[in-house]
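Worksheet: one structure, shown below.
In this text the structure is predicted, and so the values were computed from the model without any measurement.
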Amino acid sequence: MTEKTIPLLPCRTELLQPVLDFYTALGFETTFQQKSPYAYAVVERGEVELQFLGMKEYDPAESYSGCYITTERVDELHETFRAGLKAAYGKVPSRGLPRIGPLKDMSYGMRQFLMTDPTGTSVRVGQAISEDQSHRPAPKGTFARALHLADLYADSKEDLPGAAKIIDRVLELTDERPTPVQLLRLLVLRGDIAQRLGDTETAARLLERAAGGELTEEERDSVRDTLARLAELRA
């Protein structure tokens, strides 16, 4: 006998149709929908099935609901989902609701990206890049540790202000200096956070500084995802 887990996710009742439109843009099909005796809907894409329960008093800004989708083609799905959202919304939504985040390698052995739908549900899509998916201990180096923690705060815990504080603190240090690669990653992540928080002036300043850094070809190859995110944020 085969078992299957299906997430049952809360959704503000009047946002059910925008939520279905969001998942339609990602290539999901609405396979069931009802308005009475309560709002309820099901979307499916291949083996992935999500169900939504309408709630009149549900506040998307206070949502803690979410699920994790594992795949063997995370790069392809990220590109496909971004294209679908751009076609549906006229641009790739990177802040507010809904939104889709950058693709990156996490310290717990997953290559992943995050999406948040119009009702505040976070969907992580990830691919294993290591046999060990447990959280790695934070590195001992000042800047490596800051990057490790800021990545977790920003793209796992989704605590953007907390991630910003970590980066701001190490960027103000005068007795230690990050490597060119570490500095690039810190500036791009901090600029990304600033943009997602609506602080466009800070974002522009940090991203311009990041773009002015010099890297060797080997260093550039090691931070391809970061450079791609930098180009996207500056576009």
Side-chain angles (χ1 to χ4, degrees), residues 64 66 68 74-75 78 92 94-96 99-116 122 124 126-235:
Y64 290 97
Y68 203 118
V74 70
D75 287 74
H78 188 246
V92 179
S94 60
R95 58 189 176 95
R99 62 180 179 268
I100 184 170
L103 181 64
K104 60 172 61 179
D105 295 342
M106 303 303 294
S107 62
Y108 41 85
M110 297 295 290
R111 180 168 174 78
Q112 72 173 35
F113 63 95
L114 274 64
M115 304 182 296
T116 306
S122 293
R124 290 168 169 79
Q127 178 175 348
I129 54 175
S130 169
E131 293 183 359
D132 181 9
Q133 275 85 62
S134 60
H135 279 276
R136 309 293 193 273
K140 293 182 179 179
T142 300
F143 301 101
R145 180 181 178 85
L147 282 165
H148 172 92
L149 294 175
D151 262 337
L152 291 176
Y153 271 60
D155 291 305
S156 283
K157 189 180 179 183
E158 295 190 85
D159 179 359
L160 296 181
K165 288 180 181 179
I166 293 170
I167 298 173
D168 289 343
R169 184 166 58 248
V170 297
L171 287 178
E172 292 173 355
L173 294 176
T174 57
D175 57 337
E176 290 186 74
R177 299 291 183 188
T179 67
V181 164
Q182 289 172 335
L183 180 60
L184 174 75
R185 291 185 60 201
L186 287 165
L187 290 172
V188 172
L189 179 55
R190 183 64 180 88
D192 190 350
I193 291 168
Q195 195 169 102
R196 287 152 72 180
L197 291 172
D199 186 355
T200 55
E201 183 177 340
T202 296
R205 173 175 53 81
L206 292 166
L207 296 173
E208 182 178 359
R209 181 182 172 190
E214 295 186 2
L215 299 174
T216 66
E217 284 302 314
E218 183 178 355
E219 288 171 335
R220 293 181 66 86
D221 188 59
S222 71
V223 287
R224 285 176 294 175
D225 287 342
T226 303
L227 290 171
R229 186 60 173 170
L230 173 60
E232 177 186 347
L233 292 167
R234 299 188 76 210

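- With hydrogens and angles disregarded, a donor-acceptor distance shorter than 3.5 Å links the side chain of Arg99 to the backbone of Gly96.
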What donor-acceptor contacts under 3.5 angstrom involve side-chain atoms of residues 159-170, with partners at least two apart or in another chain?
from: Asp159; atom 1: OD1; to: Gly162; atom 2: N; distance (Å): 2.9
from: Asp168; atom 1: OD1; to: Arg190; atom 2: NE; distance (Å): 2.8
from: Asp168; atom 1: OD2; to: Arg190; atom 2: NE; distance (Å): 3.4
from: Asp168; atom 1: OD2; to: Arg190; atom 2: NH2; distance (Å): 3.2

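- With salt bridges taken as basic N to acidic carboxylate O contacts below 4.0 Å, none links Asp225 and Arg229.
- Distance check, rounded to the nearest 0.5 Å: CD of Glu201 to CG of Leu206 gives 10.5 Å.
- With rounding to the nearest 0.5 angstrom, the CG atom of Asp192 is 10.0 Å from the OG1 atom of Thr226.
- Side chain of Arg145 to main chain of Thr142: no donor-acceptor pair is present (N/O by atom type, distance under 3.5 Å, no hydrogens or angles).
- Few gaps surround CZ on Phe113; more than 12 heavy atoms of other groups in view lie less than 6.0 Å from it.
- Listed by chain and number, the residues in a side chain to side chain contact (heavy atoms under 4.5 Å, CB included) with Ser222 are Val181 (sequence neighbours excluded).
- Closest non-hydrogen pair, Gly191 versus Leu207, comes out as CA-CD2, 4.1 Å.
- Closest approach of Gln195 to Ser94, counting heavy atoms only: OE1-OG, 4.3 Å.
- The two residues Leu184 and Ala210 have their closest heavy-atom pair at CD1-O, 3.7 Å.
- Distance check: Glu208 CD to Leu230 CG gives 11.0 Å after rounding to the nearest 0.5 Å.
- In terms of heavy atoms, Arg234 sits closest to Ala211 at NH1-CB, 3.2 Å.
- When the side chain to side chain contact (heavy atoms under 4.5 Å, CB included) test is applied to Ala231, no partner is found at least two apart in sequence or on another chain.
- The nearest pair of heavy atoms linking Met110 to Gly126 is CE-C, 3.5 Å.
- Residues satisfying the ring pair (Phe, Tyr, Trp, His ring centres under 6.0 Å) criterion with Phe143, sequence neighbours excluded, are absent altogether.
- Annotation: side chain to side chain contact (heavy atoms under 4.5 Å, CB included) contacts of Ser122 (sequence neighbours excluded): Thr116, Arg124, Glu158.
- Using a 4.0 Å cut-off between a side-chain N of Lys or Arg and a carboxylate O of Asp or Glu, Asp155 and Arg196 qualify as a salt bridge.
- For Thr216, the side chain to side chain contact (heavy atoms under 4.5 Å, CB included) partners at least two apart in sequence or on another chain are Glu218, Glu219.
- If you take CG on Asp199 and CZ on Arg205, they are separated by 8.0 Å, rounding to the nearest 0.5 Å.
- In terms of heavy atoms, Ser156 sits closest to Met106 at OG-CE, 3.7 Å.
- A 4.5 Å side-chain heavy-atom check between Leu171 and Leu187 finds at least one atom pair inside the cut-off.
- Atom CG of Asp75 sits about 5.0 Å away from atom CG of Leu103, to the nearest 0.5 Å.
- To the nearest 0.5 Å, atom CD1 of residue Ile100 and atom CE of residue Met115 are 6.0 Å apart.
- Side-chain N or O atoms of His78 include none that pairs as donor or acceptor with a backbone N or O of Gln112 at under 3.5 Å.
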